[in-house]
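Please read the structure below before turning to the comments.
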Amino acid sequence: MRYLPVVLITLIASSLLPARAQPPVATLSDNAKRYFSIEQHDMESTRQLPYRIFIATPRDITAQEKRPVLYVLDANAQFPLAVNSYTPAQGPAPVIVGIGYRIDQGYDIPARTRDYTPPTPTIDPDFGAGGEAEPFYQFIQHSVKPWVEARVPVNPQQQTLAGHSFGGLFVLFTLFNHGESFQRYLAASPSIWWGDGVVIPKRSPLLTAQPTSITISVGEYEEKPPKADPNQPVDPKRAKRQAQRTMVTKARDLAAQLHTENPATSFILFEGKHHGSVIPDAMAKAVEVAIQPQ
């Protein structure tokens, strides 16, 4: 297998959505390159779907130690944010693995919709393009993880899964259906509205496994944005969509419910942040969570 050094990776400020919003690209920081050896590898699933795997290995890691490992979704955009956020003051660096797509921009909207969303019985055109979260989970569990573990000394008891928006939805899907697969879960701005909330199991208790920690975060303005600039009229369709999805309310309520089952559940409201602007905060928090002692 051949590895290609990552020199430049695209970032974008928003994860939802339309391909029209593809802001400027950014590079990995000099500090990131100083602390990590960074590679990428193209991989296919058993269904011959193409993916790109990014991996940041701490330069000071030794064969005798096993580091925590953080798995990040939407890696073309969010892997660099996670890697750039690390500082030595946090402690020994984790291994950071990004699962992305073979694209030059930040997000592959059709692919992430397909992979990150659970199937839903709700008949709605908005939900018709998704529903393959289970096959994607199987790809991570049986292809990505073994590939990482064969190359880097990671601690299988310190695995964190983090994602934003549809990625956060997939984190919840994995927590509820395969809770034993990771020890820490971070669902940032999770799209709980997908399929009219189908990701939340209709059972009690919700959790079938007890992870070390569960973190649900969301930006303050994801549900009720601040008053618009009078020179910039409000987009009524966007405002209606935000009101219907109630991102903050759903995230807060789910975190409260999970806290009754697992006291290591936390809810974070990032003040002054929108759905896109909150992503760097969420990825920095993911690195912080991954490094926490057992």
Side-chain angles (χ1 to χ4, degrees), residues 29 31-32 35-36 54-62 64-75 78-99 140-141 144-145 148-149 152-164 167-168 170-172 174-176 178-190 206-219 251-252 254-271 273 278-294:
S29 70
N31 280 339
Y35 303 137
F36 296 93
F54 304 87
I55 182 166
T57 305
R59 291 189 181 276
D60 62 351
I61 197 170
T62 66
Q64 289 71 41
E65 63 179 326
K66 292 184 181 293
R67 294 284 179 94
V69 56
L70 167 63
Y71 290 89
V72 175
L73 305 175
D74 281 318
Q78 296 177 22
F79 171 82
L81 293 174
V83 176
N84 286 348
S85 75
Y86 169 75
T87 65
Q90 294 175 288
V95 175
I96 303 177
V97 178
I99 304 167
I140 294 174
Q141 191 70 14
V144 178
K145 280 189 177 184
V148 170
E149 292 165 4
V152 186
V154 299
N155 187 340
Q157 299 306 313
Q158 287 184 280
Q159 301 180 93
T160 301
L161 178 65
H164 170 266
F170 179 79
V171 170
L172 294 179
T174 304
L175 170 65
F176 292 136
H178 305 283
E180 73 289 344
S181 296
F182 297 86
Q183 288 70 51
R184 296 183 172 96
Y185 291 86
L186 187 142
S189 306
L206 294 178
L207 298 174
T208 58
Q210 290 294 330
T212 303
S213 73
I214 302 168
T215 304
I216 299 178
S217 68
V218 69
R252 182 186 284 115
L254 178 59
Q257 186 175 1
L258 289 174
H259 189 269
T260 65
E261 299 182 21
N262 185 320
T265 300
S266 61
F267 173 75
I268 300 173
L269 183 69
F270 288 108
E271 296 183 359
K273 296 301 175 74
V278 78
I279 300 173
D281 302 88
M283 289 302 102
K285 185 63 180 178
V287 172
E288 179 186 324
V289 166
I291 294 174
Q292 290 174 352
Q294 287 180 283

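Values below: every heavy atom of this structure, side chains too, minus hydrogens, waters and symmetry copies. None of these values were measured; they are calculated from a predicted model.
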Scan the side chains in residues 206-219 for donor-acceptor partners under 3.5 Å anywhere in the protein, sequence neighbours excluded, and list what turns up.
residue: Gln210; atom: OE1; partner: Asn262; partner atom: ND2; Å: 3.0
residue: Gln210; atom: NE2; partner: Glu261; partner atom: O; Å: 3.4

Do you know the tightest heavy-atom contact between [X] and [Y]?
{"X": "Lys285", "Y": "Phe270", "answer": "CB-CZ, 4.5 Å"}
{"X": "Ala75", "Y": "Pro80", "answer": "O-CD, 3.5 Å"}
{"X": "Ser85", "Y": "Ala284", "answer": "OG-CA, 3.6 Å"}
{"X": "Ala162", "Y": "Val171", "answer": "C-CG2, 3.8 Å"}
{"X": "Asn84", "Y": "Ser29", "answer": "OD1-N, 2.9 Å"}
{"X": "Val287", "Y": "Ala82", "answer": "CG2-O, 3.3 Å"}

Roughly how far, to the nearest 0.5 Å, is the [atom2] atom of [Y] from the [atom1] atom of [X]?
{"X": "Leu161", "Y": "His178", "atom1": "CG", "atom2": "NE2", "value": "11.5 Å"}
{"X": "Leu81", "Y": "Asp281", "atom1": "CG", "atom2": "CG", "value": "10.0 Å"}
{"X": "Phe79", "Y": "Leu73", "atom1": "CZ", "atom2": "CG", "value": "13.0 Å"}
{"X": "Leu186", "Y": "Met283", "atom1": "CG", "atom2": "CE", "value": "6.5 Å"}
{"X": "Ser266", "Y": "Leu258", "atom1": "OG", "atom2": "CG", "value": "10.5 Å"}
{"X": "Gln292", "Y": "Gln183", "atom1": "CD", "atom2": "CD", "value": "13.0 Å"}

Side chain proximity check, [X] to [Y], heavy atoms < 4.5 angstrom:
{"X": "Tyr71", "Y": "Thr174", "result": "no"}
{"X": "Gln158", "Y": "Arg184", "result": "yes"}
{"X": "Lys145", "Y": "Val69", "result": "no"}

(Q) Is it the case that atom CD in Glu271 sees more than 12 heavy atoms from other parts of the structure closer than 6.0 Å? (A)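 At most 12 heavy atoms, drawn from other residues, nucleotides or ligands, come within 6.0 Å of this atom.
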Q: Please assess Gln78 against Ile279 for the test side chain to side chain contact (heavy atoms under 4.5 Å, CB included), listing each intermediate value before the final yes or no.
A: CA-CA 8 Å; Gln78 296 177 22; Ile279 300 173; 3.8 Å; yes
**Q.** Option passing side-chain hydrogen bond (donor to acceptor under 3.5 Å, both in side chains) with Arg67 (candidates Asn155, Thr57, Asp60, Thr62)
**A.**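 Only one option passes, and that is Asp60.
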(Q) Suppose we screen for ring-ring contact (aromatic ring centres under 6.0 Å, His included). Which residues come up paired with Tyr35, at least two apart in sequence or across chains? (A)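 Once residues adjacent in sequence are excluded, the partners of Tyr35 under the ring-ring contact (aromatic ring centres under 6.0 Å, His included) criterion are Tyr86.
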